[in-house]
Amino acid sequence: MSEKEKKMSVAKGKPIAQSIPGGLLPSIVAARIDGTLVDLSFVPDHEVEVELIKADSEEGLRILRHSAAHLTAQAVLSLYRNAKLNAGPPTEDGFYYDIQMDPISSEDLGKIEEKMKELSARKLKIERVEMSREELEREFSNNKFKLDKIVAKVKPGHKSTVYRQGDFQDFCTGPHVPDTSYLSAVKLLSVASTNYMGDVTKEKMVRIYGTAFPDKKSLDQFLAMREESMKRDHRKIGQEMDLFTFNSERAPGFPLYAPNGQWIRSRMVGFMKDLNERYGWQEVWTPHLFRDTMWKQSGHYAKYKDNMYLFQLSDGDSYAIKPMNCPGHITIFERTMYSYRDLPVKYFEAGTVYRYEKSGEVGGLTRPRAFTIDDGHAFLRMDQMVTEIAAVLSMVKEAFSAFFHKPEMIYDLSVIDKENYDNYLISYHCNSCDSISDIRKAAVEELKCPVCGSTELEPDFSRWDAATEALKNALVSNDIPFKEYPGEAAFYGPKIDIHVKDALGRSWQLSTVQLDFFMPINFDLNFINEQGKKETPVMVHRAIYGSYERFMVILLESYAGKLPTWISPLQCYVVPVSQSFSDYGRKVEKALKARGIRAILDDTNETMNRKIRNIRRQRPSYIVVVGGKESETNTVSVRNREEKQTVYDLEKFIDAISREIDEREIQQTL
RNA sequence: GCCGUCGUAGCUCAGCCUGGUAGAGCGUGUGCUUGGUAAGCACAAGGUCGCGGGAUCGAAUCCCGUCGACGGCUCCA
């Protein structure tokens, strides 16, 4: 349907639905008049131009799913008499309904779904009814959650609406689909538990997740996609490819990398090391433990001690395992004096940090208790910010282009909210003694000048402005479109976060570039400026992958485990046709390994067919079959991931695959 | 941390409701077979049924506790 066809004019005094051609009607769920969404049953009081909302449009789907949420609620109420409804909004790819009721399990969903199908088949008319606030309060008098909403949303003396279908009604502004027959392609997906208004002290609720589509075909397509993304779960792939393991008894939440997984990690670390060095970042190493005194100084202890692994030695000294790398890097920076000419000083480290995540929060490699950050800290003069940040942005681009074909990246600039700055560390100018001090208002009892005690302090945003300008300029000079989020900055400075979209359309926050005014002050860092005076440097915290663990998750799930050859843990799987060709197989394996290609020869007493079938789960880049023909001509029969088979001269094959690896080709070239 | 579901062989799972001390497929090992690109044949090994307690003549099975995993909620420097 073109833009033109979507618009139509509707005469006064008759429902919109009656003006829509019969053939078109079933695909339309609602309409828009002057920017407001209305039901198809809406009767205009003068001739109007309406825009039709198709079921398969973004807005149409939301309406359809919201109606499906109502249908779920209706089914639940008819099956569970004591259930009390809370709210049931549409979500990005479905809907949920929060209901106070006795816990149910996912097995009960089938029963509810049956009921929904039955209600849908009855083609119940969905009606909009206007009610005054008083009427609403009467209608929903037995439901505290609805009453809360009515009180919060409907002003006394005003009206709002309920939607009715059969014996069911819900307080709702709509719009909704005309009748329940529109809701035939529905599926309840899972059940979870939540609390009223997300507050643990409030009532427990059952949250039922589901989705709905205009027709069964698109629902099935969605379910197939969902299945696919479950198949691509990195935990499953990791097990199949034998990359890592978790031992829930011995180290809950900590991944242990098997040879294949560690091989991938070292490749990633190696790539990053090379990239960093090319951009002037120097590798350092810091210990995994520091005295608690350092964490107290850095401020981490006060804020995050519940998430830190802390322990005391028998002599009484207390230590903490590092939850961050920056104080370590600062400690290295502190070892000597710097002139303004020495700056920038840029350190990086693949630094493994340990954070005690609460039991319900850990999960696979996405949220482990130990992870390794490709962490970098730069110490800069104010005038170096733009250049250095721009350089980091180039690094980010380069890094992701090596792993993905045309990666889709989204840049968020998080800045201070000047209307609401109590939480941020800012400079205050004292009107009484003219001194400047850095204070975070939310962290002090009373805002007063640390020099003279005066309360006549005026916020000075100049440093924040300069930093924000620097980040912006860096983005602009790299030709990067970005969105600005006031109030999202860290308390110590503004930042740029970079999200990358994966193959399944999910967006991951990976890179971050943060400016920090706080740590340098806290640790009293300085350099000698042109005037021969001590000056405080600005710190940049940055990570490109974010963590190696999360990045590995994205790689595995994006490629469904079929990684580009340069990071594939099994680059060549060599299979002799029969054991009588083991010798030639060994020769091939040796030749491959001599060139640094990760290859294994499988000369076990099994059929070639079985070997090929079973190696699939390990996702080899190439399967190399050798037999009589190959051994006589010094060739190999190579099968790539598209199942295409080609015979190559052995030396030529090795040259070609080496090139593919060296060039970090994303697609297979053979 | 909270709520729900789950925990049986290396992996995937059955058995649990209705108690009588475990089963399949894949994988592994051995033998036969010696093969041309996703299922050749046979035999075998492999499990304190997460852990602890309780009621029972008897528990993988029922009850309680605990640890862990998963899905959510909340959190994520």
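All heavy atoms count here, side chains included; hydrogens, waters and symmetry mates do not.
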Give the nucleotide from the list [options] with an atom nearest to the side chain of [X].
X        : options             : answer
A:Tyr304 : B:G72, B:A69, B:A77 : B:A77
A:Val362 : B:G35, B:A69, B:G1  : B:A69
A:Ser248 : B:A39, B:A69, B:U34 : B:A69
A:Ser578 : B:G35, B:A77, B:C73 : B:G35
A:Val577 : B:G35, B:G72, B:U37 : B:G35
A:Val625 : B:A69, B:U37, B:A77 : B:U37
A:Pro252 : B:G68, B:G72, B:A77 : B:G68

ask   = With rounding to whole Å, what would you report as the distance between B:C51 and B:U61 at their P atoms?
value =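 Between the two P atoms, the distance is 10 Å.
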
query = OP1 or OP2 of B:A77 sitting under 4.0 Å from any side-chain N/O of A:Arg355?
reply =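 It does not, given that no N or O in the side chain of A:Arg355 lies less than 4.0 Å from OP1 or OP2 of B:A77.
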
inquiry  = Measuring to OP1 and OP2 of B:G71, would you say a side-chain N or O of A:Arg235 lies under 4.0 angstrom away?
reply    =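 A:Arg235 to B:G71 OP1/OP2: side-chain N or O found under 4.0 Å.
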
In this structure, how many angstroms lie between the [atom2] atom of [N] and the [atom1] atom of [X], rounded?
X        : N     : atom1 : atom2 : answer
A:Asn609 : B:G36 : CG    : P     : 8 Å
A:Phe290 : B:A77 : CZ    : P     : 21 Å
A:Arg542 : B:A77 : CZ    : P     : 18 Å
A:Met205 : B:U74 : CE    : P     : 14 Å
A:Leu188 : B:G71 : CG    : C1'   : 15 Å
A:Glu488 : B:A77 : CD    : C1'   : 15 Å
A:Phe254 : B:G68 : CZ    : P     : 11 Å
A:Lys231 : B:U12 : NZ    : C1'   : 15 Å

Scan every strand shown for a Watson-Crick or G-U wobble partner of [N], both distances under 3.5 Å, and answer none if you come up empty.
N     : answer
B:A55 : none
B:U28 : B:A44
B:C6  : B:G68
B:U37 : none
B:U21 : none
B:C73 : B:G1
B:C16 : none

Regarding [X], tell me which of base, sugar-phosphate or nothing describes its non-hydrogen contacts under 4.0 Å with the strands shown.
X        : value
A:Tyr492 : sugar-phosphate
A:Glu240 : nothing
A:Gly253 : sugar-phosphate
A:Tyr209 : sugar-phosphate
A:Pro576 : nothing
A:Val206 : nothing
A:Gly299 : nothing

query = Just checking, is any N or O donor in the side chain of A:Asn260 or A:Arg598 under 3.5 Å from an acceptor N or O on the other one?
reply =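 The answer is yes; a qualifying pair exists.
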
message = Can you see whether A:Asp602 engages A:Thr604 through a side-chain donor-acceptor pair at a distance of less than 3.5 angstrom?
response =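 Yes.
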
key: Sole candidate of A:Arg639, A:Gln645, A:Arg641 that passes side chain to side chain donor-acceptor pair (under 3.5 Å) when paired with A:Glu643   =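 Considering A:Arg639, A:Gln645, A:Arg641, a side chain to side chain donor-acceptor pair (under 3.5 Å) with A:Glu643 is found only for A:Arg639.
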
message = So, applying side chain to side chain donor-acceptor pair (under 3.5 Å) with A:Glu557, which one of A:His234, A:Lys231, A:Arg232 is it?
response =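 It is A:His234, the one option of A:His234, A:Lys231, A:Arg232 that forms the side chain to side chain donor-acceptor pair (under 3.5 Å) with A:Glu557.
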
inquiry  = Both conditions, 6.0 Å and 45 degrees, for the charged tip of A:Arg550 above the ring of A:Phe371: are they met here?
reply    =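 No, a cation-pi geometry is absent between A:Arg550 and A:Phe371.
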
key: Positive for ring pair (Phe, Tyr, Trp, His ring centres under 6.0 Å) with A:His300, one of A:Phe290, A:Trp295, A:Phe518   =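 That would be A:Trp295.
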
request  = Start with the C-alpha gap between A:Glu660 and A:Thr669, add the side-chain angles, then the distance that decides, and say whether side chain to side chain donor-acceptor pair (under 3.5 Å) holds.
outcome  = CA-CA 7 Å; A:Glu660 179 174 320; A:Thr669 58; 2.6 Å; yes

Are side-chain heavy atoms of [X] and [Y] found at a separation under 4.5 Å?
X        : Y        : value
A:His377 : A:Asn325 : yes
A:Ile496 : A:Thr512 : no
A:Tyr196 : A:Gln100 : no
A:Leu365 : A:Tyr257 : yes
A:Arg355 : A:Met324 : yes

request  = Residues of residues 629-639 of chain A with any non-hydrogen atom less than 4.0 angstrom from an atom of RNA chain B: list those, numerically ordered, please.
outcome  =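 Contacts with RNA chain B under 4.0 Å: A:Lys629, A:Glu630, A:Ser637, A:Arg639.
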
query = Is the base of B:C76 touched by the side chain of A:Arg367 through a donor-acceptor pair closer than 3.5 angstrom?
reply =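 Per atom types, the contact qualifies.
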
request  = Please tell me which of A:Ala251 and A:Ser580 maps to the more 5' nucleotide of RNA chain B, matching each residue to the nucleotide holding its nearest heavy atom.
outcome  =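 Whichever sits nearer the 5' end wins; that is A:Ser580.
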
ask   = Which residue, A:Tyr356 or A:Val626, contacts RNA chain B at a nucleotide closer to its 5' end, judged by nearest heavy atom?
value =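 So the residue in question is A:Tyr356.
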
Per-nucleotide protein contact string for nucleotides 24-33 of chain B (B base, S sugar-phosphate only, - none; heavy atom under 4.0 Å) = ---S----BB

